[in-house]
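As structure tokens, the structure follows; a few thoughts come after it.
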Amino acid sequence: MNIPILMYHKIQEPQPGNDLAVSRAAFARQMAYLHKQGYRTIALSTLAAAGQDPSGLPKRPVVITFDDAYQSVYSEARPILQEQGFTATVFVVAEALGQHNFWDVGKDVAQETCMPGNELMALADQGWEIGSHGATHANLAEVTEETLITETEGSRRMLEQELKTKVEVFCYPFGAWNEKARIAVQTAGYQAACAISPGTESVTADIFALRRVYVKPSDTPADFKRKISSWYLWYRARRKR
Ligand SMILES: [Zn+2]
């Protein structure tokens with residue numbers, strides 16, 4: 001199936017060279033556009049449960065995802081989504097609740113606070129899906145087998161305990177994965193995992209490496225419209241080969 005899975009990180013004024021922030025105004029415009037076009041949000045686990053059969057899904061489904069679970073998701077994105085009757089899936093770094101993006105230290109990436117547990121629980125109460133983004137945001141293609149288990153199974157257990165909610169979906173930090181990482185994610189009991197841009201036949205061809213649409217701060221309304229269109233999602237798979 002070619003259903004758009006949108007990838008966002010921070011909702012704030014983008015700084016030059018920062019591709020992880022989308023402004024509040026742009027995000028509001030994108031969500032209003034989706035709503036007007038008849039899109040309805042579904043949780044990532046709903047998409048996973050549908051497998052390759054869209055019959056039980058809304059007519060125009062879209063999955064909205066946020067990586068790293070930053071504070072701006074709660075303060076900026078949540079009210080905008082609420083206005084449209086939308087929910088999203090947020091990928092949380094289990095050891096970063098109420099802390100900041102410690103995995104970016106030493107890189108040219110701004111520091112931002114991650115949501116504390118009570119805000120994440122409030123989102124879950126509002127119908128948002130909580131997914132795991134690992135325990136420490138480690139690159140799963142580069143860690144030992146022992147760490148792989150902590151990052152996948154361990155992070156799931158930590159989040160379920162801390163947030164008192166089911167955690168059934170995973171998102172590879174840095175979009176990095178290999179066969180071992182993928183097996184660890186499956187073994188830990190997740191139903192689906194998001195990558196960034198694997199060269200798969202369709203968006204959902206590989207349920208453990210789902211392809212996402214990277215919404216960039218430089219995207220114009222026309223870019224956004226194009227990136228979520230089904231012909232573009234289809235075409236992108238061909239372009240990779
Ligand atoms: Zn991340």
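In each ligand, atom 1 is the first atom listed, and ligand 1 is the first ligand listed. In what follows, residues are counted from 1 in the order of the sequence shown.
- The NE2 atom of H137, the Zn ion (ligand 1) and the OD1 atom of D68 define an angle of 100° (nearest 10 degrees).
- At a cut-off of 2.8 Å, C171 does not coordinate the Zn ion (ligand 1) through any N, O or S atom.
- Within the coordination shell of the Zn ion (ligand 1), defined by N, O or S atoms under 2.8 Å, D67 is absent.
- Of the candidates K36, M31, Q37, M31 is the only one forming a side-chain contact (heavy atoms from CB on, under 4.5 Å) with L34.
- For F174 and H137, the distance between ring centers is under 6.0 angstrom.
- Cation-pi contact between R182 and F208: absent, since separation from the ring centre below 6.0 Å together with deviation from the ring axis within 45° is not met.
- Coordination check, H133 versus the Zn ion (ligand 1): passed, since an N/O/S atom of the residue sits under 2.8 Å.
- A cation-pi arrangement is found for R156 relative to Y190, the charged atom lying closer than 6.0 Å to the ring centre and inside a 45° cone about the ring normal.
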